[in-house]
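What follows is a short report on a single structure.
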Amino acid sequence: MSAEYNFRAVEQKWRKFWDENQTYKTGIDTSKPKYYVLDMFPYPSGAGLHVGHPLGYIASDIVSRYRRLKGFNVLHPMGFDSFGLPAEQYAIQTGQHPAITTEENIATYIRQLKQLGFSYDWSREVRTSDASFYKWTQWIFMQLFNHYYDKTADKALPISQLTERFAQEGNALVKAACDEDTPIFSAEEWNAMSEEAQQTLLLKYRLTFPDESVVNWCPALGTVLANDEVKDGVSERGGYPVEQKKMKQWAMRITAYADRLIDGLNEVDWSEAIKEQQRNWIGRSQGASVRFKVERSTVSEQAPEYIEVFTTRVDTIYGVSFMVIAPEHDYVPYITTEAQKAEVEAYVNWAKSRSELDRVSEVKKVSGAFTGSYVINPFNDEKVPIFLADYVLAGYGTGAVMGVPSGDQRDWNFATHFNLPIIPVLDAQKDIEQQADNTKEGKYINSGIINGMTYKEATATLIAWLEEKGLGKGKTQFRMRNAVFSRQRYWGEPVPVYFKDGLPYLIQESELPLELPAIDKYLPTETGEPPLGRASNWKYQDQYEYELSTMPGWAGSSWYWYRYMDAHNNEAFASQEAINYWKAVDLYIGGSEHATGHLLYSRFWNKFLKDLGLVPEEEFAKKLINQGMIQGRSNFVYRVKSSVGEGKKPLFVSAGLKEQYEITPLHVDVNIVHNEVLDLEAFKAWRSDFAEAEFILEDGKYICGVEVEKMSKSKYNVVNPDVLVDRVGADTLRVYEMFLGPLEQAKPWNTNGMDGSFRFVKKIWRLFYDEQGRWKVTNDTPSKDEYKVLHAAIKKVEDDLERYSFNTVVSTLMICVNELSSLKCAKQAILEQLVVLLSPYTPHLAEELWALLGHEAGTVSQAQFPAFDASYLVEANFEYPISINGKVRTNIAFAVDAQPTTIQEGVLASEVVQKWLDGKQPKKVIVVPKRIVNIVI
RNA sequence: GCCCAGGUGGCGGAAUCGGUAGACGCGUUGGUCUCAAACACCAAUGAGGUUACACUCGUGCCGGUUCGACUCCGGCCCUGGGUACCA
C-alpha cells in the first residue's frame, strides 16, 4: 500500500464487493430487534441527483449502519415513485414511451446512489410503475371502494354490512361518513329501490367515489392543471386560457378520518412545525351551528325560513349586531329588498370580478352591502340586519357568519365601517371602542341567560338551550375537503373500474393488475377525453367502458413502505408475517414540502389498512426528520462594460476592484471556482467567446462574487455529486455533507470547506501507514491516555447519534483522530474500535481497514458498536473555572471529591481572587461541584 | 395578517440540564519541508487594548429574573418556510 490513501481504488473495490456479496441483504430475524429506516420515495427525474438530494440519504444510511452495529436487524430499502408528469411531458414531445425514459432515469439514479456507498438492500427495490407493484395499489383502491366509514365503530367497515343494515332498518340510525346531501330512507324504501338507485346511494358512502369537482381546465392543453400550474388565469406552460369547469373525478373520503388524523399527531415524534401544518390543513374547529329565523316582512317567498351559521364563539351570541352572507350565496336574490337591489347587484358583480389576488392584498379594506332584510337572534329576539361581504366564503361552513364586533376584529372593522352597534359581552373586554377583544376571561354581561357565567359554563348552557329548542347544536367543523383522486393523464395507475349504465363497478380481484394499455400518442383525444381514450379495444369484457383517468401521483407512495417489507409477494401487498415483524417505519427522512400531501394521504391509507386488520400500527412513521433544503450558491464574474462588443477582447475585473469600473455581473460555473478563486484557464475553455478573455486581478488572483440562490442549471450553480466523488471520494462527501450543519436546517451548498473533510479522511489512513507506506499497527497494550481519547469519542458519538446530531459526530471523530495522531497511537486495540466508530460515516475506508486489521472481508457492518467504559474517563482533579461576579477570571484545580468548603478556602486564598477582593469580604461564594465557583463581591 | 423555524467571529457551525461563548472545520497570516509548486506539518487568528499580560466590550435590539443568561420570561426588529379573509 502507498503512503497516500488511494480512495478511488478502495471505494471501487468495496462497492463491487458489497454488490456481489449482497452484504446488506436483510431478512426476518426474530433473534434481533428490528429497525426500519426509510427515505422518502424519490421521483427519478431526468437531471439525476444533485448534491442536495443525498443529504437525507446520507443521514439515514448513517443511522442504518449505526443501528446494525447496535445489534438491530435493519430494513433500509430504496425504490422509485416512477409514475409522474415529467416523463409524460417528455413522451408528448418526443413520442417515446414514458416507461423507457423512466427506466433510463432510474438506471442513472441507482448508479449515483450506489456510488455513495449506501447500505440499501437493493433486492427489495420497487417501482410504482411496475405492474407487480401497481397491482396492489389497485387492490387497495378496490378495498376503499368496498368500504364505508362507520362512526359508531369508528372505523371502516365493509359495504356489505351497510347494505344489510339498510335492508333491515334504513339509514336513519346509521352513523356513517357520507355526502351532505344523502337522503333519509326506510328499509322498505331501500328494498324497493332498483339496483341502479341502490348503487347511486352507496356511492355517497363509499370511501372512494366519483364526485363532481371544480377543476382548472385548460382546453388548449386538453388537460386539468394544478393550482400552481396556473399563473394569472392562464397556464404556466404555454400561457393558454384556463377555465373553471365541473368534472367527474374520483375522490377519496379522507374527511372520514379527519379526527383520527388530528389525534394521531399526538402519537408521533415529528417536528411541531409539520404537525402544526397538518392540524391547520385539517382545520378542526369546535363550535356550534345556530339557526337564525328570517324576518319575513321584507323577503320573497322563496327565502328560507332560517339562515344557519357556524360559530366557534357561540358564547358571544348576545353581542351579534349583524349577519354576513357570501355574495355568491344562493339566498341573495330572495332576501334583497327592492330598495337595496341596485346596491346589492353592484356589489355582487364587483365581488365576482375580484381575483384571489385582490382579495388577499386588501385584507384591511372593508366592503359589503346591506340586503335590506333581517334575521332574529333566537336568544334575545333582536332584529339583526343581513349584509353581504366577500370576506365570507360560500364554500366554507354554511356561507353565513354572525357578526360580533366586540369579540372579532374583522367584525369590528365591518361594524365600524357601517355604523353598527358594538356590544360588549364580557366584563373583561377592554377598549372595545378602539378594537375588538377576543378574550374568554371574565363573566358575561348583556347576555340574557348566561349573565354572570364563565366561558365554559356559558358555552355548555347555550348549546343545551339550542339543542332543546331545535335551533342549533354543538358541531365540529373541518376545513379539509375530500381529496381528488384522478388525473386526465396516461402515465399513472389505471383505475380498476368499468362503467355500466353510468355507474362504476369494480373488476374482479383475480383480474388484477389492470395493465396500462399501449396508445399511439400521449395526448387527450379529439373529443377531450383523457389519453386512455385512445387505447383500442380497451373495454371490460369487451363491452363496458373502463375509467379513462388514471390515479394521481400520491397513490403509490401512500402505502409503498409495506411493499419493501416483502417486495416480491404475488399473493398479497406484503405477507402478514413480514408486516407483523417490521410493523412500521422507525425513522423516516425527507423534505418538509410533503407536509400536507404525501404525509397526510399516507397516514389516511395506513389507518384504513389498519381498520381492515391488515397492518398493526395506527401511525406508519414513528419518527420523522425533515432535512433542510440545500440552496445553491452562485459565483459571479464581472465583465467591464467597455469590453463588450464586436472584436473586443472580454475584460473581467476581480470582485474586490469592481467598484472602480462599469461592470455587468455574469454567472460563472461554480465548478471552475475554488474558494472564490477563478480557474482562469478553465474559464477560457468554458465558453468559446471567453477564450481570449483578459483579467484585472487582485493579489494575482481573480476573486469571484457570491450569492445564495436556488440551485438551477441556468445559474451554473448545480454541483453534481459524481464530480465530487471523483475528486475526493464518497466517504469525504458523506462526511462533508453531514459536517455542514444540523440536518434539519436549510443551508447553501458550499464546496469551500470540503478540503477539511478530505484531510480528515487522509489523516485516518496515516494512523495505519507511515510516510513510506509501511503498515505500523502493533499489538501493544494501549496507554491510559489512548483509552481515554477513544472512550470519550465512543460516548459522544453514541449520544449524538441517538439525538440525530450528525454534524457534531464529525467533529468528535476529527478530535479523536487528531488526538490519536498526536499520541502517535498505532495500537490495534484502539484503532480497531475507531474503525467501527467511523464506519457509518466512511464505510469504504472502514471496510478496507477492518480487513487489513485481520477481520473477514466485508464484515465491518456486522461488528459491535464499542462498549463505553466510563472508568477510562475518571479524572483525579477538576479544573474549576473561578468567576467573580459571573465573569471567569482564573482556573484552579481541585480533587474531584474535594468538599465545597475546602474549595472555597482554596479559592479565596488564591492570588487572583485576593487581588479582586482587594481586602474586602465576599458577599457570597457559590461552589457548584464539578462545574464552577462564583464569588460575589 | 396568522402559524412554524431561525438570527453567535471573515465563513459553515459548537455550547445536550441556566455554569469557562466561539469546540471542530474552512479561510487568512507567519513558519518548517522543497530548486519550485502541490501535499504535509507547526504556530497565530472575535473586537478594542497591550512588547506581552492586565483590562474593556461581545451571541439581532430593549428590558426583566438569577450568584451566574446564547440558553428562562416580556416586548420589539430582521431573515427563511408555510398558509390565505376558515367564522
Side-chain angles (χ1 to χ4, degrees), chain A residues 3-4 271-277 279-281 283 285 287 309-314 323-324 356-357 359-364 389-393 395-404 407-411 477-480 592-593 595-596 626 628-629 631 675-676 706 708 735-736 739-742 744-757 759-760 762-763 766 771 796 799-800 802-803 805 807-815 818 821 879-891 912 915 922-928 930-937:
Chain A
E4 269 294 294
S271 77
E272 264 320 300
I274 290 277
K275 292 205 262 189
E276 209 41 42
Q277 269 187 63
R279 285 191 195 105
N280 291 341
W281 184 267
S285 44
V309 301
F310 174 75
T311 175
T312 52
R313 287 298 300 274
V314 69
M323 175 178 277
V324 189
E356 291 252 325
L357 215 80
R359 288 177 153 210
V360 169
S361 53
E362 288 174 33
V363 172
K364 297 240 161 67
D390 68 353
Y391 75 79
V392 175
L393 302 176
Y396 182 75
T398 59
V401 173
M402 63 183 212
V404 183
D408 181 289
Q409 191 57 41
R410 220 173 34 201
D411 293 348
Q477 184 104 356
F478 294 95
R479 176 183 175 272
M480 181 171 65
S592 55
E593 67 272 19
T596 50
N626 296 112
M629 215 186 300
Q631 295 149 307
N675 289 329
E676 287 15 307
V706 177
V708 172
V735 166
Y736 184 60
F739 193 51
L740 276 176
E744 291 98 326
Q745 210 167 288
K747 55 216 150 219
W749 176 259
N750 185 350
T751 312
N752 289 358
M754 204 159 64
D755 293 358
S757 302
R759 273 173 214 151
F760 165 65
K762 289 187 287 193
K763 204 164 177 179
R766 288 201 299 271
E771 293 84 44
K796 188 145 171 64
D799 287 355
D800 286 2
E802 291 292 342
R803 64 189 179 103
S805 175
N807 54 327
T808 53
V809 171
V810 177
S811 339
T812 304
L813 293 170
M814 283 176 171
I815 292 169
N818 286 347
S821 301
E879 184 97 347
Y880 279 88
I882 312 301
S883 57
I884 313 240
N885 291 335
K887 280 211 185 296
V888 175
R889 297 297 174 182
T890 186
N891 287 291
V912 176
K915 193 191 90 185
K923 285 203 187 110
K924 201 169 180 183
V925 179
I926 291 116
V927 177
V928 187
K930 290 178 82 176
R931 281 227 181 263
I932 202 166
V933 178
N934 191 19
I935 299 158
V936 187
I937 297 176

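Here is how names work: the chains are called A, B, and so on, in the same order as the sequence lines, proteins then strands, and each is numbered from 1.
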Rounded off to whole Å, could you give me the [atom1]-to-[atom2] distance for the [X] and [N] pair?
{"X": "A:Ile937", "N": "B:rG68", "atom1": "CD1", "atom2": "P", "answer": "13 Å"}
{"X": "A:Ile884", "N": "B:rU20", "atom1": "CD1", "atom2": "C1'", "answer": "13 Å"}
{"X": "A:Met480", "N": "B:rU83", "atom1": "CE", "atom2": "C1'", "answer": "16 Å"}
{"X": "A:Phe310", "N": "B:rA87", "atom1": "CZ", "atom2": "P", "answer": "7 Å"}
{"X": "A:Asn626", "N": "B:rG80", "atom1": "CG", "atom2": "C1'", "answer": "15 Å"}
{"X": "A:Asn818", "N": "B:rA23", "atom1": "CG", "atom2": "P", "answer": "13 Å"}

Sequence neighbours excluded, which residues qualify as side-chain contact (heavy atoms from CB on, under 4.5 Å) partners of [X]?
{"X": "A:Lys915", "answer": "none"}
{"X": "A:Arg931", "answer": "A:Val928"}
{"X": "A:Ser271", "answer": "A:Ala273, A:Ile274, A:Asn626"}

- Message: Here's a test of your reading of the structure: between A:Thr311 and A:Val810, which maps to the more 5' nucleotide of RNA chain B?
- Response: A:Val810

- Between A:Ser285 and A:Lys915, which is nearer to the 5' end of RNA chain B once each is assigned its nearest nucleotide? A:Lys915

Mind checking the [atom1] distance from [N] to [M]? Whole angstroms is fine.
{"N": "B:rG63", "M": "B:rU56", "atom1": "C1'", "value": "23 Å"}
{"N": "B:rC55", "M": "B:rG60", "atom1": "P", "value": "25 Å"}
{"N": "B:rG58", "M": "B:rG9", "atom1": "P", "value": "14 Å"}
{"N": "B:rC24", "M": "B:rG19", "atom1": "C1'", "value": "22 Å"}
{"N": "B:rU71", "M": "B:rA21", "atom1": "C1'", "value": "11 Å"}
{"N": "B:rG25", "M": "B:rC17", "atom1": "P", "value": "25 Å"}
{"N": "B:rA40", "M": "B:rA47", "atom1": "C1'", "value": "33 Å"}
{"N": "B:rU45", "M": "B:rC11", "atom1": "C1'", "value": "14 Å"}

- Query: Looking across every strand, which nucleic acid part, if any, lies under 4.0 Å from A:Arg279 by heavy atom: base, sugar-phosphate, or nothing?
  - Reply: nothing

- Task: Would you mind telling me which of A:Val888, A:Thr890, A:Ile932 makes a side chain to side chain contact (heavy atoms under 4.5 Å, CB included) with A:Ile882?
- Result: A:Thr890

Validation row: [X], [Y] side chains within 4.5 angstrom (heavy atoms):
{"X": "A:Met754", "Y": "A:Phe739", "answer": "no"}
{"X": "A:Tyr880", "Y": "A:Asn891", "answer": "no"}
{"X": "A:Asn280", "Y": "A:Gln277", "answer": "no"}

- Any donor-acceptor N/O pair, A:Arg889 side chain to A:Ser883 backbone, under 3.5 Å: no

- Give a yes or no answer on whether the side chain of A:Lys923 reaches the backbone of A:Ile935 with a donor-acceptor pair at less than 3.5 Å. no

- Task: List the steps and the verdict of side chain to side chain contact (heavy atoms under 4.5 Å, CB included) for A:Asn807 and A:Val809.
- Result: CA-CA 5 Å; A:Asn807 54 327; A:Val809 171; over 6 Å; no

- Task: With syn defined as a glycosidic angle within 90° of 0 and anti as everything else, classify B:rC78.
- Result: anti

- Message: Is B:rG9 syn or anti, taking syn as a glycosidic angle within 90° of 0?
- Response: syn

- When you check every protein heavy atom under 4.0 Å of nucleotides 4-18 of chain B, what one-letter string (B, S, -) results, 5' to 3'? S-------BSSSB--

- Would you mind building the protein contact string for nucleotides 30-43 of chain B? One character per nucleotide, 5' to 3', B for base within reach (heavy atoms under 4.0 Å), S for sugar-phosphate only, - for untouched. ----------SS--

- Atom pair NZ/CD of A:Lys930 and A:Glu879 - distance to nearest 0.5 Å: 14.5 Å

Listed partners of [X] passing side-chain hydrogen bond (donor to acceptor under 3.5 Å, both in side chains), at least two apart:
{"X": "A:Lys763", "value": "A:Asn818"}
{"X": "A:Asn885", "value": "none"}
{"X": "A:Lys796", "value": "A:Asp800"}

- Item | B:rU56 phosphate, OP1 or OP2, under 4.0 Å from A:Arg889 side-chain N/O | yes

- State, without any angle test, whether A:Ser811 and A:Thr808 hold a side-chain donor-acceptor pair at a distance under 3.5 Å. no

Could you list, one pair per line, each protein nitrogen or oxygen that sits under 3.5 Å from a nitrogen or oxygen of nucleotides 65-67 of chain B, together with the distance?
{"unit_1": "B:rC67", "atom_1": "O2'", "unit_2": "A:Asn934", "atom_2": "ND2", "d": "3.0"}
{"unit_1": "B:rC67", "atom_1": "O2", "unit_2": "A:Asn934", "atom_2": "ND2", "d": "2.7"}

- Item | Minimum-distance nucleotide to A:Val401 side chain [options: B:rC26, B:rA21, B:rA87] | B:rA87

- Quick one: list whatever passes ring pair (Phe, Tyr, Trp, His ring centres under 6.0 Å) with A:Trp749, sequence neighbours left out. A:Tyr736

- Before giving the answer on side chain to side chain contact (heavy atoms under 4.5 Å, CB included), spell out for A:Ile937 and A:Ile884 the whole-Å C-alpha distance, their side-chain angles and the decisive distance to 0.1 Å. CA-CA 7 Å; A:Ile937 297 176; A:Ile884 313 240; 3.4 Å; yes

- Query: Given A:Ser285 and A:Phe478, is the side chain to side chain contact (heavy atoms under 4.5 Å, CB included) satisfied, shown in steps?
  - Reply: CA-CA 6 Å; A:Ser285 44; A:Phe478 294 95; over 6 Å; no

- Item | Bracket string, RNA chain B, 5' to 3' - pairs by Watson-Crick or G-U geometry under 3.5 Å, | interstrand | (((((((..(((......[....)))((((((.......))))))(((......)))..(((((..]....))))))))))))....

Identify the pairs formed between an N or O of the protein and an N or O of nucleotides 57-63 of chain B at a distance under 3.5 Å, and give each distance.
none

